[in-house]
Amino acid sequence: TLAYQPPEWVTDTLGERPADPNCGAAWDAIVDRALHYRTEHGIPVEAPDLLGPEPSSGDVRQRVAWLTARRDIKRDLPKLVAERQGLALA
C-alpha cells in the first residue's frame with residue numbers, strides 16, 4: 001500500500017486531508033490550486049504557506065497569478081471550514 005503524505009506547507013495550513021468526501025473535495029480543490037501555482041512558478045517545497053512568499057510587484061505575471069490563486073483559495077476555504085463544522089455538529 002502506498003500512502004501519500006502531503007507536504008508541510010499543506011498540513012501546516014489546512015491540516016490532514018479529511019476522510020469525509022465533501023470535506024475531502026474542498027481540501028483537494030484548495031491543494032490543487034496551490035500546487036498548480038507553486039509548480040508553475042517554481043516555489044520550493046520548503047517555502048511555507050499554501051502559495052509561498054508573496055511575489056514582488058516587479059514580476060507582474062507572477063504577482064497576478066499569486067493574487068488569482070489567493071482569491072480562488074479564499075473562495076474555496078469557507079467550503080472546507082463549513083463542511084468540517086457540519087461534521088462536528090452531526
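Between Arg63 and Glu54 there is a side-chain heavy-atom pair separated by less than 4.5 Å. Contact check for Arg33 versus Thr68: side-chain heavy atoms found under the 4.5 Å cut-off.
Arg71 pairs by the salt bridge (charged side-chain N to carboxylate O under 4.0 Å, His left out) definition with nothing, not counting sequence neighbours. Applying the side-chain contact (heavy atoms from CB on, under 4.5 Å) criterion to Pro21, with sequence neighbours excluded, gives no partner residue. For Glu40, there are no salt bridge (charged side-chain N to carboxylate O under 4.0 Å, His left out) partners two or more places apart in sequence or in a different chain. Asn22 is linked by a side-chain contact (heavy atoms from CB on, under 4.5 Å) to Asp20, Glu83, counting only residues two or more places apart in sequence or in another chain. Take Asp28 and apply the salt bridge (charged side-chain N to carboxylate O under 4.0 Å, His left out) test, not counting sequence neighbours, and it matches Arg17. Not counting sequence neighbours, the partners of His41 by the ring-ring contact (aromatic ring centres under 6.0 Å, His included) test are Tyr37.
Ile73 and Val64 fall into different hydrophobic clusters, where Ile, Leu, Val, Met, Phe, Trp and Tyr are joined by side-chain heavy atoms under 4.5 Å apart, directly or via other members.
Atom CG in Leu67 sits 10.0 Å away from atom NZ in Lys74 (nearest 0.5 Å).
Minimum heavy-atom separation, Leu80 to Cys23: CD1-O, 3.5 Å. Between Pro44 and Arg38, the shortest heavy-atom contact is O-NH2, 2.7 Å. Nearest heavy-atom pair across Gly15 and Trp27 is O-NE1, 3.2 Å. Scanning all heavy atoms of the two residues, the minimum distance from Ala47 to Pro53 falls at CB-CD, 4.1 Å. Gly52 and Trp66 get closest at one heavy-atom pair: O-NE1, 3.9 Å.
No option in Val81, Ile30, Val31 other than Ile30 meets the side-chain contact (heavy atoms from CB on, under 4.5 Å) test with Asp76. Checked against Trp9 for a side-chain contact (heavy atoms from CB on, under 4.5 Å), the options Asp49, Ile43, Leu35, Leu51 give a single hit: Leu35.
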